[in-house]
Structures are given as structure tokens and as C-alpha cells.
Amino acid sequence: VLATLAFYPVSIFGPLYMFNVIRASPLLSGFAMATLPLCTTLLSPLSGRLADRFNPRWVAALGLCIFFLGVFFYARLGEGSDLIWIVLVLSSLGAGIGLFVPANEKAAFSTVPSRDYGMLSAMLTAFGTGSGALGTTVAVALTEVAKKSRISSDAAGFAYDQQFAFSWLLPVAALAVLVTIIGKRR
């Protein structure tokens, strides 16, 4: 829930940032954004295998640490950021989520009897979607707060607004790591 709160806004802000700040074409922006789900897709099977062999909470925590670094670097993207660097940052976000989600779900499913898998699945989906929408709403609100503190509405302004919003979401990502590490143990 906490991870998706900080993760979902990237899908809105990423393309806008690439269009408005670094002036990337729609095609190039699309390819850059595609690295995020591609890394998630490629690392999810690895996460599942690791979660089957080791404590899934530690695999999830590793994923969240990578995700935290991704949010940290995403919050620092600015006017002078290179497209290659942006792709690396998006890739780290995708890799972190790819490692986190399967391991986290394995840990969650191991805490309930199999007859409750349907309800748990519904709860994970509902809370994940809800927290992602909330995170996007919070990020948009934070950019509006940042806008009020400056006059211009140029590319540098958008970059600043995004940095402001994601800097405020960074503690949420850190809290997700802590909750996973010190959360309920079996």
C-alpha cells in the first residue's frame, strides 16, 4: 500500500516531465516509460523464485530498498537530467516493484488459510489501487502547493514542482521499507 502510494504518480508525472522539461518526443518518452513495466515484468519471476527459497519479507525488503533509491533519484530529476539517466531511474523503480510485489504477496498469502485467498487477493488489489490513486492525488496537490511558491510556469518550474512532490513522497517509500523489515513475523 505504501509503495504504490509513491509508485503510481510516476506514471502520470514521468511522461509530462519528459515532454515539458527535457523536450523528449512522444515516441522517445514512451520507450523510456516502457522500461519501468519491462523491468517489473522481467524481475517478477526472479522475485517469486527467491521468495520460494528464502524469507519472502527479505526479498520484498530488497525490492523496496531498490524502489526507495529509485524514488530518491526520481525526486532529483531536473532540467539537466539526461534521458539515459531517466531510463536508469525508471528501471530501478520497475526493478524494485518487480522484486517487491511477488515476494510481498507470497508473505501475505502465507498468513491466511487457502480458503481466504480470494478475499486476500481482493483486499490487496483494492488497497493497492486505492493507495495508488491517493498517491497520485497527493502528488498533484503537492505540485500545486509548489506552484504557489513561484511565479513562472516554464520547464524549470515543472521540474521543481515534481522534485517537491516526490521529495515529500520519499518518506512514504522509506516507511514502506521499514514496515516490511520490522513488520509482523511468522
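Scope of the values below: all heavy atoms of this structure, side chains included, with no hydrogens, waters or symmetry mates. Model, not experiment: these values are computed from the prediction. We're numbering straight along the sequence, starting at 1.
With rounding to the nearest 0.5 angstrom, the CG atom of Leu36 is 8.5 Å from the OG atom of Ser92. The distance from atom CG of Leu64 to atom CG of Leu178, rounded to the nearest 0.5 Å, is 10.0 Å. Atom CG of residue Leu50 and atom CG of residue Asn55 lie 12.0 Å apart, to the nearest 0.5 angstrom.
Smallest separation of non-hydrogen atoms from Arg76 and Ser81: O-OG, 4.4 Å. Contact record, Leu169 with Ala6: O-CB, 4.1 Å, taken as the closest heavy-atom pair. Of all heavy-atom pairs between Leu77 and Gln163, the closest is O-NE2, 2.8 Å. Here the shortest heavy-atom pairing between Ala165 and Leu142 reads O-CD1, 3.7 Å. The nearest pair of heavy atoms linking Ala103 to Ala60 is CB-N, 3.6 Å. A pairwise comparison of heavy atoms in Ala173 and Val71 identifies CB-CG2, 4.3 Å as the closest pair.
Under the 4.5 Å side-chain criterion, counting only non-hydrogen atoms from C-beta, Leu83 is in contact with Met18. In this structure the side chain of Trp58 never reaches within 4.5 angstrom of the side chain of Leu62, judged on heavy atoms. Contact of the Phe7 side chain with the Val101 side chain is not registered, since no non-hydrogen atoms from C-beta on lie closer than 4.5 Å. Side-chain atoms of Arg57 and Ile181, non-hydrogen and from C-beta on, never get closer than 4.5 Å to each other. You'll find the side chain of Met33 reaches within 4.5 Å of the side chain of Leu90, heavy atoms only. Considering only heavy atoms from C-beta on, Leu175 stays 4.5 Å or farther from Pro171 through its side chain. Contact of the Glu79 side chain with the Ile22 side chain is not registered, since no non-hydrogen atoms from C-beta on lie closer than 4.5 Å.
In terms of modelled atom types and a separation under 3.5 Å, the side chain of Ser11 and the main chain of Tyr8 share a donor-acceptor contact. Looking only at distances, no side-chain donor or acceptor of Asn104 sits under 3.5 Å from a matching main-chain atom of Phe100. Checked by atom type and distance alone, the side chain of Ser110 pairs as donor or acceptor with a backbone atom of Ala107 at under 3.5 Å. At distances below 3.5 Å, at least one donor-acceptor pair connects side-chain atoms of Tyr74 with backbone N or O atoms of Gly14. The main-chain N or O of Tyr117 is never found under 3.5 Å from a side-chain atom of Ser121 such that the two would form a donor-acceptor pair. No side-chain donor-acceptor contact under 3.5 Å links Ser47 to the backbone of Leu43.
Counting only residues at least two apart or on different chains, the ring pair (Phe, Tyr, Trp, His ring centres under 6.0 Å) pairs with a member in residues 9-37 are Phe13-Phe166.
Under the 4.5 Å side-chain heavy-atom criterion for ILVMFWY residues, no single connected hydrophobic cluster contains both Leu93 and Leu42. Note: the hydrophobic cluster containing Trp85 also contains Phe68 (ILVMFWY, side chain heavy atoms under 4.5 Å, direct or indirect links). Hydrophobic clustering keeps Ile66 apart from Leu69 (ILVMFWY residues linked when any side-chain heavy atoms are closer than 4.5 Å, directly or through intermediates). In the hydrophobic cluster analysis, where Ile, Leu, Val, Met, Phe, Trp and Tyr join through side-chain heavy atoms closer than 4.5 angstrom, Phe72 is grouped apart from Leu99. Linking ILVMFWY side-chain heavy atoms closer than 4.5 Å, directly or via other members, places Phe73 and Val177 in a single hydrophobic cluster.
Scored by the side chain to side chain contact (heavy atoms under 4.5 Å, CB included) test, Asp116 finds Val112, Pro113 as partners (sequence neighbours excluded).
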